[in-house]
S.K.: 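What follows is a single structure, and I will ask about it in a moment.
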Amino acid sequence: MEKIEHIGIAVKDLEDSNDLYSKLLGVNHYKTEEVSSENVKTSFFQTGESKIELLEGIGVDNAISKFIEKRGEGIHHIAFAVEDIYEEMQRLRKEGFVLLNEEPKRGADNKLVCFVHPKSANGVLVELCQEILD
Ligand code: ZN
């Protein structure tokens, strides 16, 4: 894996949290995006080389709302940039990690993504992401 690409934070209200994080980080978010396949709205902040993704669930049937219900708002996942997501997924499977999806899927911010089950990573939800070059 190359580096931490972003840290995902589950929030109840994206608008409120955009205000909060723009005050905290001293920059405004550079994009918002709805990922309809996941029923989430996201926004992205960049400070230096680091990115923060805020996520709000749409409706009740989505991973973010369920996460907040169980654990409250907070850090939801850590995403690592990878050069070849298929290769990395295969490597992790061989190492015994449980992946949450069989195939990479299209995530926010123009990425192919795959998640590693938190049970196989000390309670941390790990996201692999590869930039889609088009
Ligand atoms: Zn993410």
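Both counts, for ligands and for their atoms, begin at 1 and track the order of listing.
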S.K.: Tell me, please, which residues at least two apart from Asp16 pass side-chain hydrogen bond (donor to acceptor under 3.5 Å, both in side chains).
M.R.: none

S.K.: Could you confirm whether His77 has any N/O/S atom lying under 2.8 Å from the Zn ion (ligand 1)?
M.R.: yes

S.K.: Looking at CD of Glu88 and CZ of Phe80, how far apart are the two atoms once the value is rounded to the nearest 0.5 Å?
M.R.: 10.5 Å

S.K.: Tell me if the aromatic rings of His29 and Phe45 count as close, with their centers under 6.0 Å from one another.
M.R.: yes

S.K.: Is the Zn ion (ligand 1) under 2.8 Å from any N, O or S atom of Glu127?
M.R.: yes

S.K.: Which pairs of donor and acceptor atoms, one on a side chain in residues 31-38, lie under 3.5 Å apart (sequence neighbours left out)?
M.R.:
unit_1: Lys31; atom_1: NZ; unit_2: Asp109; atom_2: OD1; d: 2.7
unit_1: Glu33; atom_1: OE1; unit_2: Asp109; atom_2: N; d: 2.8
unit_1: Glu38; atom_1: OE2; unit_2: Lys105; atom_2: NZ; d: 2.7

S.K.: Looking at the Zn ion (ligand 1), is there an N, O or S atom belonging to His6 that lies under 2.8 Å away from it?
M.R.: yes

S.K.: Taking both backbone and side chain into account, is any N, O or S atom of Glu53 nearer than 2.8 Å to the Zn ion (ligand 1)?
M.R.: yes

